[in-house]
Amino acid sequence: MEEKIIQKVESLKDQMIDGILELVKIDSVETKPEPQAPFGHGVKAALEKALELAGYLGFDCVNLDNYIGYAQYGRGEDYVCAMGHVDVVPAGDGWKQPPFSGYMENGVIYSRGILDNKGPILSCLYGLYALKELGYEPKHRIRIIFGCDEESGFEDLHYYLKKEKPPLWGFTPDCKFPVVYGERGRAIIRVKGQELEPFFEFVTQYFIGANNTGDRLGIDFSHKEYGTMEMRGYKLGIEGQIPYFEASLSYPAGSSIHEILERIQGKAGELCVELKHNYNPVVFDKKSPLVQALKECYERMTGEDGTPVTTTGGTYAKAMPNMVPFGPSFPGQKGIGHNPNEWMTVEDLVKNAKIYALGLYRMGNL
């Protein structure tokens with residue numbers, strides 16, 4: 001059956017690429033909420049296009065008030081899923097071609113969202129379509145979920161979980177290969193103070209003029225599998241008449257946000273240290289049936305070592321139970337998403353679809 005799945009995906013190549021190009025041509029940067037469009041008109045249009053494509057392929061589709069939507073196949077009380085997103089970060093400057101043109105050259109597609117995450121989530125959709133066309137009958141329903149607020153706060157996922165139960169198993173094609181069993185914690189801290197001199201002295205000494213590991217603050221926690229603390233995303237601002245400084249922390253498993261805050265406050269003295277946002281580290285059992293099944297799918301299609309890895313990134317796995325990151329970037333492919341001239345090759349999109357089709361097939365049988 002698995003060989004038939006691979007061959008079927010290959011036969012769908014042109015149809016899949018056409019669908020992906022339709023979707024990436026939609027500017028789906030989040031904008032101000034509108035009636036019936038909680039994340040703006042562009043994101044709504046992208047969600048509607050994804051569901052239109054899924055409906056054309058014969059799937060049952062559900063739109064949850066334009067917060068999020070999904071295509072579904074099969075029967076059963078529980079479901080497994082692939083969950084990606086159709087919203088994108090702003091295009092920014094430095095593009096050689098218009099960022100929402102779907103420009104293709106020498107087998108490479110350049111567009112905002114082609115990698116993060118429209119191309120990969122549609123690769124999942126067409127992978128599931130291959131299973132449907134082959135008459136596959138899974139033990140569990142299979143969903144392809146199209147998120148709409150991954151880049152700005154996961155409000156889409158929170159809305160979904162108010163309406164739907166979590167999956168039995170799932171993956172998000174929004175990170176890297178091989179399968180990722182653990183994510184660092186993600187937090188945003190804010191330091192503020194009315195007295196300008198001690199405030200700027202603290203910011204300069206402990207952030208701007210220091211290593212980004214937080215060693216001067218005593219928060220340079222490290223873990224053999226998750227690496228060392230990283231501070232980034234520095235931001236200066238003013239709220240009312242009070243200046244503030246924000247930093248995004250990517251911290252390893254084994255350390256708690258409470259201890260991190262206590263140590264920063266210990267150095268900050270009279271300055272106020274606030275936690276603006278936090279997701280704890282994600283730790284998934286490397287020996288679980290899900291991780292092992294996805295590992296085998298990756299190894300079959302690439303011939304490469306699929307030993308599970310960790311990531312410094314953050315995905316829907318932070319908030320969706322029973323989910324791991326899985327693809328789409330292959331080893332060595334870094335610094336592509338969120339940058340000018342975001343790209344993905346047709347060859348990699350097809351390879352993704354084959355890996356994801358096998359993954360959905362395996363999950364449907366677990």
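No hydrogens, no waters, no symmetry mates; every other heavy atom, side chains included, goes into these values.
- Salt bridge Lys96/Glu105: absent, no basic N to carboxylate O contact under 4.0 Å.
- Between Glu150 and Lys318 there is no salt bridge, since no side-chain N of the basic residue sits under 4.0 Å from a carboxylate O of the acidic one.
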Practice task
Report the C-alpha separation of Tyr70 and Glu164 in whole Å, then their side-chain angles, then the decisive distance to 0.1 Å, and conclude whether the side chain to side chain donor-acceptor pair (under 3.5 Å) test is met.
Solution key: CA-CA 11 Å; Tyr70 60 85; Glu164 305 277 350; 3.0 Å; yes

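- Within the 3.5 Å criterion, the main-chain N or O of Lys286 finds a donor-acceptor partner in the side chain of Gln292.
- The pair Lys165-Asp78 meets the salt-bridge criterion, since a charged nitrogen lies less than 4.0 angstrom from a carboxylate oxygen.
- Enclosure of atom CD in Glu137 is not indicated, since only 12 or fewer non-hydrogen atoms of other residues, nucleotides or ligands lie within 6.0 angstrom.
- Take Glu270 and apply the side chain to side chain donor-acceptor pair (under 3.5 Å) test, not counting sequence neighbours, and it matches no residue.
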Problem - Pair Ile336-Trp343, side chain to side chain contact (heavy atoms under 4.5 Å, CB included): steps then yes or no - result: CA-CA 7 Å; Ile336 302 171; Trp343 60 271; 3.4 Å; yes

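- Listed for the Gln265 side chain is a donor-acceptor partner under 3.5 Å among the backbone atoms of Gly269.
- Under a 3.5 Å cut-off, the side chain of Glu246 and the backbone N or O of Ile188 do not form any donor-acceptor pair.
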Handout entry: CA sep, side-chain torsions, deciding dist, call: Tyr244, Glu274, side chain to side chain donor-acceptor pair (under 3.5 Å)
Key = CA-CA 10 Å; Tyr244 67 83; Glu274 298 176 345; over 6 Å; no

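- Checked against ring pair (Phe, Tyr, Trp, His ring centres under 6.0 Å), Tyr73 has no partners two or more places apart in sequence or in another chain.
- Within 6.0 Å of CG on Asp60 lie no more than 12 heavy atoms contributed by other residues, nucleotides or ligands.
- Each of Thr311, Thr310, Asn280, Thr315 was evaluated against Glu183; a single residue qualifies, Thr315, per the side-chain hydrogen bond (donor to acceptor under 3.5 Å, both in side chains) test.
- Taking the centre of each ring, Phe326 and Phe177 come in below the 6.0 Å mark.
- Counting only N and O atoms by type, the side chains of Ser28 and Lys118 include a donor and acceptor under 3.5 Å apart.
- A salt bridge links Arg184 with Glu230: the closest approach of a Lys/Arg side-chain nitrogen to an acidic carboxylate oxygen falls below 4.0 angstrom.
- For Lys4, the NZ atom is loosely surrounded, since the number of other residues' heavy atoms within 6.0 Å does not exceed 12.
- The aromatic rings of Tyr316 and His85 sit perpendicular, their planes meeting at an angle over 60°, well past the 30° parallel limit.
- With hydrogens and angles ignored, the 3.5 Å screen pairs no side-chain donor or acceptor of Asp348 with any backbone N or O of Ser329.
- Looking at Arg141, its side chain never comes within 3.5 Å of a backbone N or O of Gln72 through a donor-acceptor pair.
- Aromatic ring pairs are classed by plane angle as parallel below 30°, tilted from 30° to 60° and perpendicular above 60°; the pair His223 and Tyr226 is perpendicular.
- Other residues, nucleotides and ligands place no more than 12 heavy atoms under 6.0 Å from the CD atom of Gln194.
- With respect to Glu259 and Arg263, a salt bridge is recorded, a charged nitrogen being found less than 4.0 Å from a carboxylate O.
- Residues Val89 and Arg112 form a side-chain contact, since some pair of their non-hydrogen atoms from C-beta on lies under 4.5 Å apart.
- Atom NZ of Lys13 is surrounded by 12 or fewer heavy atoms from other residues, nucleotides or ligands within 6.0 Å.
- Dense packing is recorded around CD of Gln97, with more than 12 heavy atoms of other residues, nucleotides or ligands lying under 6.0 Å away.
- Proximity of a side-chain donor or acceptor of Asp156 to a complementary backbone N or O of Cys148 within less than 3.5 Å is detected.
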